[in-house]
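Before any comments, here is the structure.
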Amino acid sequence: MPLFRKAAEQTPEVDFTRLPRHIAIIMDGNGRWAKRRGLPRTAGHAAGAETFRTIATYCKEIGLDYLTVYAFSTENWKRPEEEVSSIMTLLKKYLLEAIDRMERDRVKMAFFGDLTPLTPELRELCERTREISKHYEGCQVNICLNYGGRDEITRAVRQLAEECVKEGRSPDSIAERDISDRLFSAGVPDPDLIIRPSGEVRTSNFLLWQSAYSEYYFTDVLWPDFSKEELHKAIASYQKRSRRFGGV
Ligand code: FPP
């Protein structure tokens, strides 16, 4: 039985033949999840990393084309050193496992963000993961690392300004497409659905340019408690919306 039929029987309200092409997730609420259990924040991130594994695997199973997750923002460096280091350790662990399972999972991986401030080891792991998986077809998982929407747009604009100066290109020739093509997400379609768990209702510098016409789904569930069923609810809600992209 095709996998989407099996899943559809469990959750009738989701039409698995009409999935959004690209889902993006702000993995929020790890700290509060840990606090409620009297655990250190780092335990919340560890639980969040597990949820990410489950959701990424499931997205591949149901045939989603793109999943983008916000793992570490340009602002997250302000957190205590211990917390930053624990997130980096979780990433390293995840990437090592992903490389190990790559042939079996065949998930294409990409990274959005400036990886320069990461340790050489982590940068090398990101590069290796990207390189090994670049020919895989099916689901592409984009991990946003040291990512900020404003930073991403600033870089694109800076690059264009340099081109205008060096190549004598006229600023009048700059079109929206020129910006899109210089973002970390170049070549990836804009997210159709952006999910933010944990009850916070803001974008937090996530995919600012790409989210112009994205549908948002907010839930109070904390990221470590987010499940396939929660994903079904988000997709079902998305499927009830009427997307007009500024038209009627
Ligand atoms: C936001 O929750 C979460 C983060 C800043 C880190 C997300 C990182 C992971 C899920 C682990 C590593 C990722 C991968 C891809 C393996 P918060 O800490 O702001 O939660 P709070 O608002 O409840 O404090």
Side-chain angles (χ1 to χ4, degrees), residues 2-5 7-8 10-29 51-52 54-71 73 107-113 136-145 147-150 152-153 156 176-177 179-221 223 226-248:
L3 210 71
F4 72 79
R5 276 261 315 278
Q10 290 158 9
T11 318
E13 72 267 31
V14 172
D15 179 351
F16 286 84
T17 63
R18 259 185 346 106
L19 288 177
R21 217 180 149 202
H22 182 176
I23 296 181
I25 307 181
I26 301 176
M27 304 188 288
D28 196 14
T51 302
F52 163 69
T54 307
I55 296 299
T57 307
Y58 186 60
C59 284
K60 163 103 182 165
E61 274 174 30
I62 60 175
L64 190 80
D65 287 341
Y66 297 92
L67 172 70
T68 301
V69 293
Y70 208 2
S73 78
V107 172
K108 184 170 170 176
M109 310 258 309
F111 300 88
F112 294 175
Y136 292 161
E137 286 179 6
C139 191
Q140 172 170 330
V141 174
N142 307 306
I143 300 184
C144 296
L145 258 185
Y147 173 88
R150 287 184 172 184
E152 180 182 41
I153 296 169
E176 286 188 6
R177 180 70 201 265
I179 307 257
S180 305
D181 287 348
R182 285 161 185 79
L183 300 177
F184 294 117
S185 60
V188 173
D190 290 341
D192 301 294
L193 170 63
I194 299 183
I195 301 173
R196 182 163 194 160
S198 94
E200 306 293 353
V201 191
R202 54 176 172 267
T203 60
S204 295
N205 208 8
F206 187 47
L207 303 176
L208 294 184
W209 178 275
Q210 301 88 335
S211 61
Y213 284 101
S214 302
E215 297 294 327
Y216 278 88
Y217 179 83
F218 297 101
T219 168
D220 287 340
V221 169
W223 174 247
F226 196 88
S227 58
K228 294 175 191 173
E229 290 66 38
E230 295 300 329
L231 184 70
H232 292 164
K233 285 184 203 165
I235 298 174
S237 162
Y238 165 83
Q239 289 179 336
K240 289 195 194 100
R241 318 243 181 120
S242 152
R243 299 185 79 192
R244 294 186 293 280
F245 300 93
V248 283

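In this chain, residues are counted from 1 in sequence order.
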Practice task
For Ser211, enumerate each residue passing the side-chain contact (heavy atoms from CB on, under 4.5 Å) test, keeping only those at least two apart in sequence or located in another chain.
Solution key: Ile194, Ser214, Tyr216
Handout entry: Non-neighbouring partners of Ser198 that pass side chain to side chain donor-acceptor pair (under 3.5 Å), sequence neighbours left out
Key = Asp28, Arg32
Exercise for the section: Can you sort out the partners of Thr57 under side chain to side chain donor-acceptor pair (under 3.5 Å), two or more places apart, ordered by chain and number? Expected result: none
Problem - Results of side chain to side chain donor-acceptor pair (under 3.5 Å) for Asp65 - residues two or more places apart only - result: Arg21
Exercise for the section: Just jot down the salt bridge (charged side-chain N to carboxylate O under 4.0 Å, His left out) partners of Glu230, sequence neighbours excluded, or say none. Expected result: Lys233
Handout entry: Arg177: side-chain contact (heavy atoms from CB on, under 4.5 Å) partners, not counting sequence neighbours
Key = Asp181
Handout entry: By ring-ring contact (aromatic ring centres under 6.0 Å, His included) - contacts of Tyr238 (at least two apart)
Key = none
Practice task
State which residues pass side-chain contact (heavy atoms from CB on, under 4.5 Å) with Ala186; sequence neighbours excluded, sorted by chain then number.
Solution key: none
Practice task
Using ring-ring contact (aromatic ring centres under 6.0 Å, His included) as the criterion, list what pairs up with Phe184, not counting sequence neighbours.
Solution key: none
Fill in the blank from the handout: The reported gap from CG in Leu64 to CG in Leu231 (rounded to nearest 0.5 angstrom) is 8.0 Å
Handout entry: Residues in ring-ring contact (aromatic ring centres under 6.0 Å, His included) contact with Tyr66, at least two apart in sequence or another chain
Key = His22
Exercise for the section: For Tyr147, check side chain to side chain donor-acceptor pair (under 3.5 Å) against everything at least two apart and list the hits. Expected result: Glu152
Exercise for the section: Kindly give the heavy-atom pair with the smallest separation between Phe52 and Val141, and that separation in Å. Expected result: CZ-CG1, 3.9 Å
Completion exercise
Applying ring-ring contact (aromatic ring centres under 6.0 Å, His included) to Tyr136 and not counting sequence neighbours gives none
